[in-house]
Amino acid sequence: MFSAPKGVPDYIPPTSAAFLHVRSTLTRAAELAGYGYVELPVFEDTALFARGVGESTDVVSKEMYSFLDRGDRSITLRPEGTAGVMRAVIEHSLDRGSLPVKLFYAGQFFRAEAPQAGRYRQFHQVGIEAIGIDDPALDAEVIAVGDAGFRALGLTGYRLEITSLGDANCRPAYRALLQAFLAKLPLDEPTRQRAELNPLRVLDDKRPEVRELVAEAPLMVDHLCDDCRAHYELVKAYLTELGVKFVENPRMVRGLDYYTKTTFEFVHDGLGAQSGIGGGGRYDGLMAQLGGQELSGVGYGLGVDRALLAAQAEGVLPEFSRVDVIGVPLARPRGPVWSRSPVSCVPPACGRTSSTAAGR
RNA sequence: GUGGGUGUAGCUCAGCUGGCAGAGCACUGGGUUGUGAUCCCAGGUGUCGCGGGUUCAAGUCCCGUCACUCACCCCA
């Protein structure tokens, strides 16, 4: 007997109806905000992700599904959406029209991780990208659209965390400062290596003893350059203006290298260890890095699978009825019976009769 | 990759200290009924994950193995 590959979910009735509901609710929020749909390939040139996401990230270094195609080209099943959207924008010169370019997508993504509650090897995201405008108002808009999607689902048990990661001006100096701080701490070897590769991640350590050690560590938000600081302050002001509630989390970590300035995450506590139901941020250097113009961008990815789990945990999903009408035969149907009814309808099945019909 | 938990009917699960495999739901057939609803009767429900071992006797105890799962890690 066959079974689905490890870590890959099947959505079957009745849960599949809820899955569609969640996905369409999240995409609807993007449509309502004026974003245009892009349908992009599920696999791309491996180098696109390596360069876009960052060679040193876990996603690229050990979680990609890569293979050689028949022409010996290295192909990778997409682990995230932004790099592919940037590629398409550049390839089709969308960035040469009016800015910002506003796009959304929905689909499957793949990461070869150990499966866990809310973490799958094939998972589903709905994402948006807004490209070409530096204005912090755009950051606030993107965040608000994501928040609106979750709210439309009926979710209330999540919080929005935001912070700023600085940019090429201020982050390198901060990073050196943090590494110098961490080097003086009595950390175990794996953590020491993490401090070397991605020092921010150490700030996010779950172990209480480590949290205590890094309690006094310098934070990026205290070392932002003037430009980044002003940007961050405006994002917060705009969010407040939009009525979007948020909390600042200066220790937030994102898994992709391209983020600059604003980053954010939607966190839900009802899912188990994998609490992020969506996240995103600004990525000002990415377009240029992938061979496009020097254009900024900001976007998010929302986890459909996790949003579904969250909605189930909160009990906010509507009842999904597969059919509105059931046809009952009074005599044995003698051929195919198919209803053209505008309501969903189960006609009497061939080869079956009710005991009533059979008895008369 | 490293730990913990769980593998028994199609599904959800009982099975206490070794002693003949069980319940509910679902399913099939029949009966009642102007529903394929409800109710009643009858019935498949099974390599007890797999392989060894201990024992007169293993679903139960021991070893191994595989799968699933949760957690670390990482993240949507």
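Naming: A, B, ... by sequence-line order, numbering from 1 per chain. Side chains are part of it too, since the values below use all heavy atoms of this structure and drop only hydrogens, waters and symmetry mates.
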Query raised in the report: Ignoring hydrogens and angles, does a donor from either the side chain of A/R207 or the base of B/C72 sit under 3.5 Å from an acceptor on the other?
Result: no
Report task. Pick the C1' atom in B/U47 and in B/G43, then give their distance to the nearest Å. Result -> 23 Å
Query raised in the report: Hey, does the side chain of A/K6 come within less than 4.0 Å of B/C68's phosphate (OP1/OP2), counting only N and O?
Result: yes
Report summary line: Walking RNA chain B from its 5' end, the first of A/Q125 and A/D205 to be reached, judged by nearest nucleotide, is A/D205
Requested in this report: Kindly say whether, by distance alone, the side chain of A/Q108 makes a donor-acceptor pair under 3.5 Å with the base of B/A76?
Outcome: no
Query raised in the report: Whole Å only: how far is the CD1 atom of A/I12 from the P atom of B/A26?
Result: 17 Å
Query raised in the report: Centres of the A/Y283 and A/Y258 rings: under 6.0 Å?
Result: yes
Report task. Might you work through the salt bridge (Lys or Arg N to Asp or Glu O under 4.0 Å) test for A/K62 and A/E113, ending with a clear yes or no? Result -> CA-CA 8 Å; A/K62 56 187 184 191; A/E113 300 182 271; over 6 Å; no
Report summary line: Atom OH of A/Y158 and atom P of B/A76 are separated, to the nearest Å, by 17 Å
Requested in this report: With P as the reference atom in both, quote the distance from B/G52 to B/U38 in angstrom, rounded to an integer.
Outcome: 46 Å
**Report entry** 5′-ward residue of the pair A/E63/A/P115 relative to RNA chain B
**Finding:** A/P115
Query raised in the report: Is A/R78 paired with A/E80 through a side-chain N to carboxylate O contact shorter than 4.0 Å?
Result: no
Query raised in the report: Is the base of B/C74 touched by the side chain of A/R201 through a donor-acceptor pair closer than 3.5 angstrom?
Result: no
Report task. Could you work out the separation of B/U65 and B/G7 based on their C1' atoms and round it to a whole Å? Result -> 13 Å
Query raised in the report: Between B/C72 and A/K206, is there an OP1 or OP2 to side-chain N/O distance shorter than 4.0 Å?
Result: yes
Query raised in the report: Taking the P atom of each, how far is B/C50 from B/U32, in whole Å?
Result: 44 Å
**Report entry** Pairwise P distance for B/C66 and B/C27, with rounding to whole Å
**Finding:** 38 Å
Query raised in the report: Rounding to a whole Å, what distance do you find between A/Q193:CD and B/G1:P?
Result: 19 Å
**Report entry** Between C1' of B/C73 and CG of A/D188, the distance in whole Å
**Finding:** 12 Å
Query raised in the report: Hey, does A/R121 reach any base, or is it just sugar-phosphate, or nothing, if we go heavy atoms under 4.0 Å?
Result: nothing
Report task. Give a yes or no on whether a salt bridge exists between A/E196 and A/R192, defined as a side-chain N under 4.0 angstrom from a carboxylate O. Result -> no
Query - Touch class at under 4.0 angstrom, heavy-atom based, for A/G118 against every strand present - result: base
Query raised in the report: Could one point to a donor on the side chain of A/Q116 or the base of B/C73 with an acceptor on the other under 3.5 Å away?
Result: yes
Report summary line: In whole angstroms, the gap separating C1' of B/C73 from CG of A/L197 amounts to 14 Å
Requested in this report: Take atom P in B/G46 and the same atom in B/C61, then report the distance between them in whole Å.
Outcome: 25 Å
Report task. Just call it for A/I277: base, sugar-phosphate, or nothing, with non-hydrogen atoms closer than 4.0 Å on any strand. Result -> sugar-phosphate
**Report entry** B/C70 OP1/OP2 closer than 4.0 Å to side-chain N/O of A/R119
**Finding:** no
Report task. Could you state the atom-to-atom distance from CZ of A/F110 to P of B/C74 in whole Å? Result -> 24 Å
**Report entry** Pair A/R151 + A/D147: basic N to acidic O under 4.0 Å
**Finding:** yes
**Report entry** Canonical and wobble pairing (Watson-Crick, G-U, under 3.5 Å) of RNA chain B, dot-bracket with |
**Finding:** (((((((..((((.....[..))))((((((.......))))).)...(((((..]....))))))))))))....
Requested in this report: Give one of base, sugar-phosphate or nothing for A/A114, where a contact means two heavy atoms less than 4.0 Å apart.
Outcome: base
**Report entry** Nearest-0.5 Å distance that lies between atom SG in A/C228 and atom CG in A/D284
**Finding:** 8.5 Å
Requested in this report: Answer yes or no as to whether B/A76 has its base stacked against A/F109, where stacking requires a ring-centre separation under 5.5 angstrom and planes under 30 degrees apart.
Outcome: no
Query raised in the report: How long is the line joining CZ of A/R254 and P of B/A76, in whole Å?
Result: 4 Å
Query raised in the report: Do side-chain atoms of A/E314 reach the backbone of A/T156 as a donor and acceptor pair under 3.5 angstrom?
Result: yes
Query raised in the report: What's the CG-C1' distance between A/D58 and B/G1, to the nearest Å?
Result: 13 Å
Query raised in the report: Expressed as a whole number of Å, how far does the P atom of B/G59 sit from that of B/G53?
Result: 15 Å
Query raised in the report: Given the C1' atoms of B/A9 and B/U28, what is the spacing between them in whole Å?
Result: 15 Å
**Report entry** Lys/Arg-Asp/Glu bridge criterion (N-O < 4.0 Å) met for A/R254, A/E265
**Finding:** yes
**Report entry** Residues in side-chain contact (heavy atoms from CB on, under 4.5 Å) contact with A/Y11, at least two apart in sequence or another chain
**Finding:** A/P9, A/T15, A/S16, A/F19, A/Y120, A/H124, A/D305, A/L308
